[in-house]
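A short worksheet on the structure shown next.
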Amino acid sequence: MTEEFVIGFTRQAIELTLSVALPMLGVGLAVGIMVSIIQAATQIQEMTLTFIPKVVSIFTVLILAFPWIMDRLNSFTINLFLNIPQYIQ
């Protein structure tokens with residue numbers, strides 16, 4: 001294994017992690033901003049008001065994006081296992 005391979009493999013793993021997490025993080029951010037704007041406008045400072053919509057929206061996006069996430073993770077893992085002989089040379 002060369003340094004270029006290790007850096008490239010690590011880069012692929014980080015890119016995969018970010019692309020899989022991005023839908024949930026993006027929706028959580030958007031819902032959090034919307035709830036914060038509503039709280040600022042109405043001056044309601046209830047902690048559950050921010051928590052419940054975020055959890056529900058993130059869970060919904062996770063359910064909707066789950067097939068895509070599993071496809072990405074599955075293809076990465078299959079590629080990893082198929083190339084093990086090349087990695088150990």
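Predicted, not measured: the structure shown is a model, and the values here were computed from it.
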Shortest non-hydrogen pair, Tyr87 vs Asn79, comes out as OH-O, 4.1 Å
Verify side-chain contact (heavy atoms from CB on, under 4.5 Å) between Ile7 and Thr2, making sure each step is shown before the conclusion. CA-CA 9 Å; Ile7 291 171; Thr2 63; over 6 Å; no
Taking Met70's backbone N and O only, do any of them form a donor-acceptor pair with Asn74's side chain (distance below 3.5 Å, no angle check)? no
Working to the nearest 0.5 Å, report the span between CD of Glu15 and CG of Leu22. 12.5 Å
Closest heavy-atom contact between Ile69 and Met24? CD1-CE, 3.8 Å
Please check if Phe76 and Val6 belong to a single hydrophobic cluster, counting links between Ile, Leu, Val, Met, Phe, Trp and Tyr side chain heavy atoms closer than 4.5 Å. yes
Check residues 25-42 and write down every donor-acceptor pair under 3.5 Å in which the side-chain atom is one partner and the other belongs to a residue at least two apart or another chain.
residue, atom, partner, partner atom, Å
Ser36, OG, Gly32, O, 2.8
Gln39, NE2, Glu46, O, 3.1
Thr42, OG1, Ile38, O, 2.8

Answer yes or no: are there more than 12 heavy-atom neighbours, outside Phe59 itself, under 6.0 Å from its atom CZ? no
I would like to know whether Thr77 and Arg72 meet side-chain contact (heavy atoms from CB on, under 4.5 Å); could you show each step before the answer? CA-CA 9 Å; Thr77 306; Arg72 295 284 311 262; over 6 Å; no
Is it the case that one hydrophobic cluster holds both Ile58 and Leu64, taking links as side-chain heavy atoms less than 4.5 Å apart, direct or via other members? no
Gln45 atom CD, neighbour heavy-atom count above 12 within 6.0 Å: yes
Rounded to the nearest 0.5 Å, how far does CD1 of Ile84 lie from CG of Leu80? 5.5 Å
Could you check Thr10, Leu16, Thr17 and say which one makes a side-chain contact (heavy atoms from CB on, under 4.5 Å) with Ile14? Thr10
Determine whether Phe9 and Val20 fall in the same hydrophobic cluster, where Ile, Leu, Val, Met, Phe, Trp and Tyr are linked whenever their side-chain heavy atoms lie under 4.5 Å apart. yes
Testing the basics here: between Trp68 and Pro23, what is the closest heavy-atom pair and its distance to 0.1 Å? CZ3-CG, 4.1 Å
All side chain to side chain donor-acceptor pair (under 3.5 Å) counterparts of Gln12, not counting sequence neighbours: none
